[in-house]
Amino acid sequence: MKNKDQALKWKLCDTYFSILNAGNKNSITLEEICSKSKVSYEEARKIIPKDFVHNPFFFLKILVTKLDDEALKEFKADVFEDTISTTYDKILEGITLRFEKLLKYKPALKIFSEGLDRKAEIFFKLLQQNYSFMFNLLDIVENKQNCGLKTIKSVALNIVFIKGMEVFLKDENNNLDSTLRYLDKYLKDIVDVGFFTGIIKK
């Protein structure tokens, strides 16, 4: 039953964001989502909170969780036998992969984050989710590193991601060129500080 509910939540979530992607609207009813996803209203009502219209973070968290799981799984497979790439290259690849997953939903995310207050609220709400992704990313890259240092680096990488997200949302092009250029710059700044303090090793 749990797996069925999760699959249904994802179906409704994907539909919600596809509706956002298709047009400039940020108020979507459950009836509209059910009609497009071909899920019965009664079935959806059992697993979707009544206040979801006023609490869109319900669907945002589902989206980010699923995309992060996919990104980390792909990243782990990519670097499993990679003995050539540097730690820096691997971290950049992992964060890039996360943005690649988000790219499909960029129009919806731009609508979702309209207004400075809304952007700040989104980043605050997803702070723990972002931290978790970075910690798991580092766990794949440097699985034997001290947990305390990994926590510090996760926070630093979360800052890099937030800066990259600001560029991502402002960019009008449907690609990641600008985002990746800035991401590389921000990450280099963090790494330079890391080398200086001895936190990040080559």
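All heavy atoms count here, side chains included; hydrogens, waters and symmetry mates do not. From a predicted model like this one, the values you see are computed outputs, not experimental measurements.
- Taking every heavy atom of both residues into account, Lys110 and Leu169 meet most closely at CE-O, 3.0 Å.
- Closest of all the heavy-atom pairs between Leu12 and Ser37 is CD2-OG, 3.6 Å.
- When the ring-ring contact (aromatic ring centres under 6.0 Å, His included) test is applied to Tyr88, no partner is found at least two apart in sequence or on another chain.
- The two residues Ser154 and Leu138 make their nearest non-hydrogen contact at OG-CD1, 3.5 Å.
- No donor-acceptor pair under 3.5 Å is formed between the side chain of Asn173 and the backbone N or O of Asn175.
- The shortest heavy-atom contact between Thr96 and Leu176 is O-CD1, 4.4 Å.
- Remark: the backbone N or O of Lys104 is paired with a side-chain donor or acceptor of Asn21 at under 3.5 angstrom.
- Note that the CD1 atom of Ile95 and the CG atom of Leu157 stand 5.0 Å from one another [nearest 0.5 Å].
- In this structure, Ser35 contributes its side chain and Glu31 its backbone to no donor-acceptor pair below 3.5 Å.
- Two residues are said to be in side-chain contact when any heavy atoms from C-beta on lie closer than 4.5 Å; Leu180 and Leu92 fail this criterion.
- Evaluation of the side-chain contact (heavy atoms from CB on, under 4.5 Å) rule for Asp68 yields Val64, Arg98, Gln129, Phe133 as partners, not counting sequence neighbours.
- The side-chain heavy atoms of Val160 and Lys163, taken from C-beta on, include no pair separated by under 4.5 Å.
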Which atom pairs, one a donor and one an acceptor, fall under 3.5 Å between side chains of residues 69-81 and the rest of the protein, sequence neighbours left out?
residue, atom, partner, partner atom, Å
Glu70, OE2, Lys66, NZ, 3.0
Glu74, OE2, Lys101, NZ, 2.5

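- Closest heavy-atom contact between Ser85 and Asp89: CB-CB, 4.1 Å.
- The local environment of NZ in Lys36 is sparse, with at most 12 non-hydrogen atoms from other residues, nucleotides or ligands closer than 6.0 Å.
- In the hydrophobic clustering of this structure, Phe17 groups with Phe57; members are Ile, Leu, Val, Met, Phe, Trp, Tyr whose side-chain heavy atoms approach within less than 4.5 Å, directly or through other members.
- Across all non-hydrogen atoms, the minimal contact from Asp171 to Lys106 is O-NZ, 2.9 Å.
- Although no hydrogens or angles enter the test, the distance criterion places a donor-acceptor pair under 3.5 Å between the side chain of Lys90 and the main chain of Asp82.
- Under the 4.5 Å side-chain criterion, counting only non-hydrogen atoms from C-beta, Asp14 is not in contact with Leu63.
- A 4.5 Å side-chain heavy-atom check between Tyr16 and Ile48 finds every atom pair outside the cut-off.
- In this structure, Leu20 and Tyr105 have side chains that are not in contact, with every pair of non-hydrogen atoms separated by 4.5 Å or more.
- Salt-bridge annotation for Lys185 and Asp189: present, with a side-chain N of the basic residue lying under 4.0 Å from a carboxylate O of the acidic one.
- Taking the six-membered ring where the residue is Trp, the centroids of Tyr182 and Phe168 are separated by 6.0 Å or more.
- Phe99 and Ile159 end up in different hydrophobic clusters when Ile, Leu, Val, Met, Phe, Trp and Tyr side chains are linked at under 4.5 Å.
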